[in-house]
Each structure stands twice: as structure tokens, then as C-alpha cells.
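The block underneath contains the structure these notes are about, expressed in C-alpha cells.
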Amino acid sequence: MQHERALAGTRIEDLRSQIASHDYRYYVLDRPTISDAEYDGLMRELRTLEQRFPDLVTPASPTQRVGGKASALFAPVEHPSPMLSLDNVFSTEELQTWLGRLQRAVGNHLDFVCELKIDGLAVSLIYHNGVFVRGATRGDGRVGEDITANLRTVRSIPARLQGSQHPTLLEVRGEVYQPISVFERLNRELAERDERPFANPRNAAAGSLRQKDPAVTAARGLSFWCYGTDAGAGRTARALRHSEDLDYLGSLGLPVNPNIERASTLEQVAAYCAKWQAHRHDLDYQIDGVVIKVDHYRQREDLGATSRAPRWAVAFKFPPEERTALVRRIAVHTGRTGRVTPYVELEPVHVGGVTVTSATLHNEDDLRRKDVREGDTVIVHRAGDVIPEVVGPVLEKRPPGTPAWTFPTQCPACATPLVRKPGEADWRCPNRKACPSQTVEWLCHFGSPDALDIEHLGYQTVTALMERGLLADPADLYALDATHLVQLPGFAEKSAQNLLDAIAASKQRPFWRLLVGLNIRRVGAHVAQLLAQRFASLEALATANLEDLQSVEGVGPEIASAVHEWFRDRENSALVKKLVQAGVRVADEPAGGPVGPRPLDGKIVVITGTLPTLSREEATALARQAGARVTSSVSNKTSFVVVGQEAGSKLAKAQELDIETLDEAEFLRRLSRVAPRTHE
DNA sequence: GATCCTCGAGTTCT
DNA sequence: CTCGAGGATC
């Protein structure tokens, strides 16, 4: 026990000094070197140790204070009652534990108010007879800084309260933040002037509030949500419940967030948390969690507070979207076109709800720019909340003597020396015919939904077939039979038949899909459709000369010569023959039948986010049928953008360019609207 | 020759 | 989603 206590003492000292240095980086330098979650982790460990050994707690421990420290620039202001911080929970289980403890402590039924935890800066506003007279930062919770002049420039903070009856003194608490749309616009402007952009809206808001010149603050487009009259026992005299006070504050013209909800069961609280975790990006401000508060003031008083946090409220923190991870290894992979892509293998890390183990680095230049090395600790996030991306290394954590990573000179799959043409960004494996990696990837691509869409033909099956010598090019697929397939691990009659059916079905796909499957450089879905429209058959395309090819709009010299060369190759010609013999469709049926109404003729449409009933593909097909061109990026030429749930940068772009946006219902209405009606 | 739009290709995890 | 690069356009 004595030994354990000594160990704990050392660790506690260590944690305190780490936390102090991170505080400095975060609050003073505005340049944190660890993620918020890791910081929380350090604090938790410290708190746990201090709970086990209470005699090691000192007043100077970071667990004993509430927030950052006041700076000398602005006059100190003592808060009427301390602005406490909140205890955190990080999962539904912890939330349940917290609720259970409260339930037992109170003994009665509990009502809650659930609010969004805005990622901004907590401030206190004083209204004297309805007039805004003073505003302060939270500071260390007891004493903050007087930033009245700067807060006066925030438009959503009323200078005067509405109505005629006001208490002599009203303290309003809330969060100042910078809307994401404003943040993005300002950062673009900074970038244009080659100035250092803000790391995130929170830092931008913090920096803006600490300006000496209020005119600068005014230009930063800050906004405000109010979340209560007081975080302590204080309250307006007239209300029994927090929710009443929120309504009251709203009636005074103060901005109360519209997404606040009341709840009375764990299920309701958990559902609120889950809902906003999923929809956090639908908002124009950053939130990092949900705050759950006991509604009745009477019950709050019974529960009381510790020195740093009230017992009647808790913050449910979302899993962070940015974490650090250790780079185990940097390696490269050869894709179906021979492009060699570097990627990092990471110690598994949870980011935004999933475990990430690897991330791409795109190419040599990207890797150099970021200067990621094996053994580095890197910051990882999920771009657009989906694709893991390495932001960059944490240089402080790089072990001394770590060498820079050098790009391999040989293909990892076939050992052929790699080449990088001057002026190009990619290293390539030139072993087009015999590189096993290129072949596997090609065969997978052939069966992918972008090409011939062969269900049940995945990476594993392809590899297994290749190992057994049953598959060397796509045409071999059409020679497979059940006796071959049942040799494969995990293949019984049923699954063999499924795959055979899928392969058979792929013979009848539109001609352009076959073109995509052939793996001709620079020929994807779009170009393949252009070519198929013009040349209608594989035969016609194969015999076309460079001029014929270039005469197609959208096909220039590069694409033309890529196609031309592909068909001049002897092995490729042999493959074409094999495919024809196998009975794969190599020409489109002549266009027949009446053309339907084309209400979207000439429109350029972008579809983004998840639509309520249509899949992206269905919506695309419908728009095309109606005569529209469907593209993937928003520009000045875009006619309108169809917006679903979780729409990201494209929606922002549309708003910026002032391009019309529609929801699915409106989109469908326009589809059915027959342009000029000719007869009944 | 520069600029804007698009497209192709590779990508992660469940 | 991100990057690089081809094609159209002025």
C-alpha cells in the first residue's frame, strides 16, 4: 500500500505538470498539441488517483479549479456566483450511472432539460433595469475579464431587453461562438491575403473576444446563445423550473437555442444525445456534446454542487473527431492503373465512432508536405466525417533521430523499378501485364458497381480464383462453372450458383459499362458513356483513329491516345475477342421507343447528402432521364442542388455561390412537371 | 497561358 | 472526401 501510494504520488505530479503545460498551450498560445479527448483522459486519470488518495490533493491541483486564467489585458470582474464547469460523461453507460445516482439522491421523479453543448466561450452578461451594462468571460470561474465593449458588437446580444417589466439586476449566461459559415468565409479571406488562418471556430471566437479594438471583434461575425440565468443556485425569482426561465429569457429577446428539449426518462435523454451526435453537422455552429440539467430548482438545491461542478448537471461529450495515433509503418500499394499510393498503418484509434487503422497519404508530395515518419504520433480526423485523414505529425512527440521516410524504388507486389515522370505527381509500376497487384485490382474493378456490377465477386474470391489458376483476365470469368467454384473455401452450391448467375447477368450490361471494365486509362463512367454514344460498338471504337476519337466533345488528345493505344495492344485485342466469344454485349441496342418528357432539359444538377426515399443512384438516373446533366461538384453553372441529410461542403458551396437548393420532394415535383403541355 | 469545371482514381469501415 | 490532371474556354 505504501509503495502504491508513492507510485501514485509520482504519477500525480507527472500528470499535473503535463496538464499545466497543455493548459498553457491551449489557453495562452491557442495551439494545443494534444486532442481534447486526450486532455480529458489526463484529467480523469488524475481525478481517479486523487480520489483513491485524497491526502495527495492540493489546492493548486488542476482538478480543484474551474477554467483557464484571467489575463492582464482586461479588467478583472468577480462573478456574482461562480461560473462552474460541468462533469463529463463519455458514454450512455456513464450517463445511466449518473442518472441512477441522481434518482437515488432525490428519491422523486426527475425532469431534465437537454441542451446542445456549444463549442464557444462561456460569458456572463449583466442587465441593469433591462439594459446591458457589463459582460465578462468565465475566467477561472470566480473571476473573469471585462469584455463589455467587445460583447456590445455581438448582434444577437440585445443592448436592451424587450418588454417593460425587468428585474433590477439580471445575470444571463451563455455561449459566444462564431458560426461555421462565418469561420469558413473569414478563413478564405485570410488565406487570400496569405495570413495564418484560424484552426477552428472556437479559437477564432476566443481570439476575437480578446481584441483591444472592438471594431475588430465586430468584423468577426460572432453570435450568442443564452442557456440560463445562472449556473449556481441563482435563478429568477418568478420561476420554479429552468425550462420556465428559458421561456422567460426568450420573451426578453435573448436568443435561446431552439433545439433545447425536455426529457423525463433515460431513454429520452439518451435519444437526444444520439440524435445530436448524428446531426451535429447539420448546425451552423460547432457542438461537442449535450448538457443535461435537472429542471426543477428545488431538486437542484437538494443536490447542490461540489467546489468545481454542480451535481445537477452533466455534459455528455461526443466521441472526438480528432485523435492522435501512432504510425506503425508507412507502406505503398499498387492500384489497378499502376499508380503507387503511400499510406500509413496506425495503432488502432477511435475517431468519430469508428476504429481507424490506416489512412492514405495520396502521393509522395503530400507525404513530404506533411512530413510523416514511421514512429510519429499523428493527428487523425475523418474528412467530411467519413474518410480518415492524417492531418500531420505532432513534432513534440517525434522520437529523436527519426529518419524521414523515403519512397520505395520498387513495386511492393512485383519488384519492378518504379517510375515517376517529370511534372507528374505519381510514382507508377510500369509492369502493366504481369504485376499481380494491378491484375487483382483490375479484376475487382471489372466486377464493381461502376463497371459490370457482378455481385458476390469480391477481393477474396478474385484472389482465390487467381491462386488456383482459374482467372487471369476478365474473360476467364465467363468460362467458370460450378465445379470450379465449389473448390473455393466458403463456397457451397448455393453461393456458387449465385456467383454464376451474377456473372451471366453481367453479359447484358450496357456497352459503356464494359468500356469502364476494360481499365483503359482515363476512361471512367463519364468518358465511357461519351464514347459509347458515338461509337455504339466495341468494333467501331477499336477501329477508330485518333482524329475520330478527338472529335468527340470531352475527349482531347490524352484520352484519345490512351484509347487508341489500348486497342493497338495485341493482348488487349485478344481479350476483346475472348469477351465477344463469351457472349458479352459489345454494342448498344439502337435507341428506340419514345423519349419521355424532359422537364429538366439542359439543367446541370448536383445531388448531395442522403435523400429520404431515393438512393443517390436513383435520383441521378431520374434526373438524367428528365434531360439533366448530373455532376459531382457545385459551380457557377449548376442549375440547382438537391440536398439531403448530412449534406456537407457542397451545400455550403451552393449557399456561397447563391445557387438554388431543393429537397427531395421539390426535386420530384420538378421531375413530374411536364414542361410545355401539348395536349391533355 | 491562365482559369474554371469536371472527371478519374484511390480511399475507410461496417 | 481528396488530389491531380484533362478539356473547354477566353
Side-chain angles (χ1 to χ4, degrees), chain A residues 281 319 321 323 325 331-346 348-370 380-391 420-429 437-438 440-442 444-445 448-451 458-459 512 515-531 549-563 604-606 608-609 616 620 629-639 646-653 657 659:
Chain A
H281 298 295
E321 296 173 293
R323 295 291 301 269
V332 297
H333 175 250
T334 306
R336 73 175 153 91
T337 63
R339 190 162 118 184
V340 179
T341 317
Y343 62 97
V344 288
E345 288 178 11
L346 303 167
V349 62
H350 284 280
V351 188
V354 300
T355 308
V356 171
T357 58
S358 65
T360 181
L361 289 165
H362 301 296
N363 56 48
E364 188 186 18
D365 294 347
D366 189 39
L367 194 146
R368 282 256 171 79
R369 254 195 310 272
K370 291 176 178 163
V380 179
H381 75 167
R382 298 180 75 201
D385 248 7
V386 184
I387 311 291
E389 183 184 27
V390 170
V391 179
R420 179 177 173 178
K421 291 209 181 121
E424 288 192 356
D426 298 324
W427 285 94
R428 315 195 76 93
C429 165
S437 190
Q438 291 189 49
V440 179
E441 296 285 342
W442 174 29
C444 289
H445 166 70
S448 81
D450 292 336
Y459 186 89
W512 69 264
L515 286 181
V516 174
L518 293 178
N519 197 24
I520 303 170
R521 262 253 260 171
R522 307 203 153 93
V523 179
H526 183 75
V527 175
Q529 285 173 74
L530 294 179
L531 292 172
L549 290 164
Q550 275 198 67
S551 68
V552 177
E553 194 165 294
V555 175
E558 296 292 330
I559 296 176
S561 66
V563 173
I604 300 181
V605 176
V606 172
T608 183
R616 194 80 74 93
T620 305
R629 251 175 76 202
V630 181
T631 66
S632 59
S633 57
V634 179
S635 73
N636 273 318
K637 291 187 190 165
T638 308
S639 314
E646 314 259 321
S649 60
K650 282 177 211 168
L651 173 57
K653 183 90 190 238
L657 296 175
I659 289 176

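Naming convention: chains lettered A, B, ... in sequence-line order (proteins, then strands); numbering from 1 in each chain. As the structure is a prediction and not an experimental result, all values here were calculated from the model.
Between the P atom of C:dC3 and the CZ atom of A:Arg369 lies a distance of 7 Å, rounded to the nearest Å. Per the geometry, NE2 belonging to A:His381 stands 7 Å off P belonging to C:dT2, to the nearest Å. Rounded to whole Å, the distance from CG on A:Leu530 to C1' on C:dG7 is 11 Å. Taking atom CH2 of residue A:Trp427 and atom P of nucleotide C:dA5, one finds them 14 Å apart after rounding to whole Å. Taking atom CD of A:Glu364 as the reference point, atom C1' of C:dG4 lies 15 Å away to the nearest angstrom.
Using a 4.5 Å heavy-atom cutoff, the side chains of A:Val563 and A:Ile520 are in contact. Within the 4.5 Å cutoff, the side chain of A:Glu364 has no heavy atoms near those of the A:Pro342 side chain.
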Evaluate A:Arg336 against A:Gln438 for side-chain contact (heavy atoms from CB on, under 4.5 Å), listing each step before the verdict. CA-CA 4 Å; A:Arg336 73 175 153 91; A:Gln438 291 189 49; 5.8 Å; no
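Between B:dT6, C:dA5, C:dG7, one nucleotide has an atom nearer to the side chain of A:Glu558 than all others, and that is C:dG7.
For the atom pair CD1 (A:Ile559) and CD (A:Gln550), the distance works out to 10.0 Å, reported to the nearest 0.5 Å. Summarising the geometry, atom CD belonging to A:Glu441 is positioned 4.0 Å from atom NE2 belonging to A:His333; distances are rounded to the nearest 0.5 Å.
A:Thr334 and A:Arg428 are not linked by any side-chain donor-acceptor pair at a separation below 3.5 angstrom, with hydrogens and angles left out of the test.
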Grab the N/O contacts between the protein and nucleotides 1-5 of chain B below 3.5 Å, and write none if there aren't any.
{"unit_1": "B:dC5", "atom_1": "OP1", "unit_2": "A:Asn636", "atom_2": "ND2", "d": "3.4"}

Dump every N/O contact between nucleotides 8-11 of chain B and the protein below 3.5 Å, one line per pair.
{"unit_1": "B:dG8", "atom_1": "OP1", "unit_2": "A:Gly524", "atom_2": "N", "d": "3.0"}
{"unit_1": "B:dG8", "atom_1": "OP1", "unit_2": "A:Gly524", "atom_2": "O", "d": "3.4"}
{"unit_1": "B:dG8", "atom_1": "OP1", "unit_2": "A:His526", "atom_2": "N", "d": "3.4"}
{"unit_1": "B:dG8", "atom_1": "OP1", "unit_2": "A:Val527", "atom_2": "N", "d": "3.0"}
{"unit_1": "B:dG8", "atom_1": "OP2", "unit_2": "A:His526", "atom_2": "N", "d": "3.4"}
{"unit_1": "B:dA9", "atom_1": "OP1", "unit_2": "A:Arg522", "atom_2": "N", "d": "3.3"}
{"unit_1": "B:dA9", "atom_1": "OP2", "unit_2": "A:Arg336", "atom_2": "NH2", "d": "3.3"}
{"unit_1": "B:dG10", "atom_1": "OP1", "unit_2": "A:Arg336", "atom_2": "N", "d": "3.4"}
{"unit_1": "B:dG10", "atom_1": "OP1", "unit_2": "A:Thr337", "atom_2": "N", "d": "3.4"}
{"unit_1": "B:dG10", "atom_1": "OP1", "unit_2": "A:Thr337", "atom_2": "OG1", "d": "2.9"}

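The residue A:Asp366 sits apart from the nucleic acid: no heavy atom pair falls under 4.0 Å.
With respect to the salt-bridge test (charged N to carboxylate O, under 4.0 angstrom), the residues A:Arg369 and A:Asp365 do not qualify.
The two residues A:Gly517 and A:Trp442 come nearest to each other via the heavy atoms O-NE1, 2.9 Å.
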